[in-house]
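Below: one structure, written as structure tokens.
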Amino acid sequence: MIGTVMVPMLVLPRHWFRQFVITWSAGNGVLLRIIAGVHSEIRNREHRPTGPAIIASKHQSEWEAHVFLHELDDPAYVIKKELSYVPGYGWFSAKVNMIFVDREGGGKSLRGLIRGAQKAVARGRPVVIFPEGTRVLPGEKLPYRPGVAALYGALDVPVVPVVLNSGMHWPKGSFRRYPGTIVMEYLPPIPPGLPRREFMQRLETTMEEASQRLFAELYGEPEEAAPSEADVAGPGRADAA
């Protein structure tokens, strides 16, 4: 509903339109809480950047595609180019100057990514990137893609890793929402200037160890699978719009 209202707002100046985007992203959280009983907990906000930085976040669901819009000051998401063609979502993303990337574009795509990120950082914006490049089920892992290393080497800003458990309550590929608390945790920033190999090893180790720790804290066993569509809905489970 909020997204529908936003369509005519595309004619407004970017600054004004961004206020509607913030309302939309926060509204998604309200709907999740009211309809599906999904709450959120943000940890270690002292590590949240207040200026140019790279946010390297785990990506398990659509939740983190919204949350940084109101958690950070005018973030620039790195988004796969295919989403620019989606009516509504693509229009909104272009209006607020997100960074579209062709994941199959090789070196040309990386150069475009760097140019877009440099423009964002020059305007004081943080850049949000999902290092694995796509949504990954809780407890699973994909190779970290080269985009985050390219940004790190080109932007000379700190990288703030972020881990979360959103896939346990908003599973990939499912319309179901599972009551409980989505926990998102900012980790200590990685300073600029490290050699590429050292940076990637540090980022991956930091994020994977923190993910396993968070999973074990919340669910006991890190190898436990996320809820699936085959699960039988128990008392209190609900679907969100």
Side-chain angles (χ1 to χ4, degrees), residues 1-3 6 17-80 83 86 88-90 92-93 95-99 117 120 125-138 148 158-189 207 210-211 214-215 217-218 226-227 240-241:
M1 180 177 177
I2 295 175
M6 285 168 60
F17 179 78
R18 195 169 68 83
Q19 303 311 308
F20 288 98
V21 172
I22 293 171
T23 301
W24 171 65
S25 65
N28 283 319
V30 172
L31 288 176
L32 277 175
R33 185 166 62 250
I34 293 174
I35 298 175
V38 179
H39 299 261
S40 62
E41 176 188 345
I42 312 297
R43 297 180 177 178
N44 300 338
R45 275 199 171 106
E46 67 271 18
H47 298 314
R48 179 177 56 180
T50 57
I54 300 167
I55 299 291
S57 176
K58 278 288 186 177
H59 192 18
Q60 297 178 359
S61 81
E62 289 301 310
W63 183 82
E64 50 273 15
H66 305 300
V67 68
F68 293 115
L69 294 172
H70 59 268
E71 262 290 301
L72 302 175
D73 183 15
D74 196 16
Y77 277 79
V78 176
I79 303 175
K80 61 183 179 181
L83 292 178
V86 177
Y89 186 89
F92 305 153
S93 299
K95 181 71 175 183
V96 293
N97 303 129
M98 298 306 185
I99 304 168
R125 304 173 67 193
V127 175
V128 178
I129 187 170
F130 303 118
E132 291 165 291
T134 188
R135 287 175 294 173
V136 182
L137 292 173
V148 66
V159 174
V160 179
V162 172
V163 296
L164 38 76
N165 70 323
S166 59
M168 295 299 290
H169 302 283
W170 188 338
K172 175 183 177 181
S174 171
F175 288 104
R176 294 193 60 80
R177 311 289 184 266
Y178 294 85
T181 301
I182 293 177
V183 178
M184 185 175 85
E185 183 175 333
Y186 293 99
L187 303 176
M207 292 184 69
S211 293
L214 180 64
F215 207 95
E217 173 196 334
L218 299 175

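Keep in mind the model is a prediction, meaning the values are calculated, not measured. Any value given below was found using the heavy atoms of this structure, including those in side chains, with hydrogens, waters and symmetry copies removed.
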Applying side-chain contact (heavy atoms from CB on, under 4.5 Å) to N165 and I182, what does each step give before you reach the verdict? CA-CA 6 Å; N165 70 323; I182 293 177; 3.8 Å; yes
side-chain contact (heavy atoms from CB on, under 4.5 Å) for V136 and F130? Distances and angles first, verdict last. CA-CA 10 Å; V136 182; F130 303 118; over 6 Å; no
Which heavy atom of [X] sits nearest to which heavy atom of [Y], and what is that distance?
X	Y	answer
R125	D74	NE-O, 2.8 Å
E62	W170	CB-CZ2, 3.4 Å
S40	T181	C-CG2, 4.0 Å
P161	P188	CD-O, 3.5 Å
Y186	R45	CD1-CA, 4.1 Å
I129	V148	CD1-N, 3.8 Å

Evaluate the side-chain contact (heavy atoms from CB on, under 4.5 Å) criterion for residues R43 and L214: first the C-alpha distance (whole Å), next the side-chain angles of each, then the deciding distance (0.1 Å), finally the verdict. CA-CA 11 Å; R43 297 180 177 178; L214 180 64; 3.7 Å; yes
Backbone N or O of [Y] within a donor-acceptor pair of the [X] side chain at under 3.5 Å?
X	Y	answer
H169	R177	no
E132	H59	no
H39	R33	no

To the closest 0.5 Å, what do you measure between [atom1] ([X]) and [atom2] ([Y])?
X	Y	atom1	atom2	result
D73	R18	CG	CZ	5.5 Å
M184	E41	CE	CD	11.0 Å
H66	N28	NE2	CG	4.5 Å
W63	F68	CH2	CZ	7.0 Å
S25	F92	OG	CZ	12.5 Å
S93	L69	OG	CG	8.5 Å

Within-4.5 Å side-chain heavy-atom neighbours: R48 and V160: no
Do L187 and H47 pass the side-chain contact (heavy atoms from CB on, under 4.5 Å) test, and can you show the C-alpha distance, the side-chain angles, and the key distance before you say yes or no? CA-CA 6 Å; L187 303 176; H47 298 314; 5.7 Å; no
Option from V67, N44, I55, V128 for which side-chain contact (heavy atoms from CB on, under 4.5 Å) with V162 holds: I55
Positive for side-chain contact (heavy atoms from CB on, under 4.5 Å) with I34, one of V38, L32, V30, L31: V30
Indicate whether any N or O donor in one side chain lies under 3.5 Å from an N or O acceptor in the other, for S166 and E64. yes
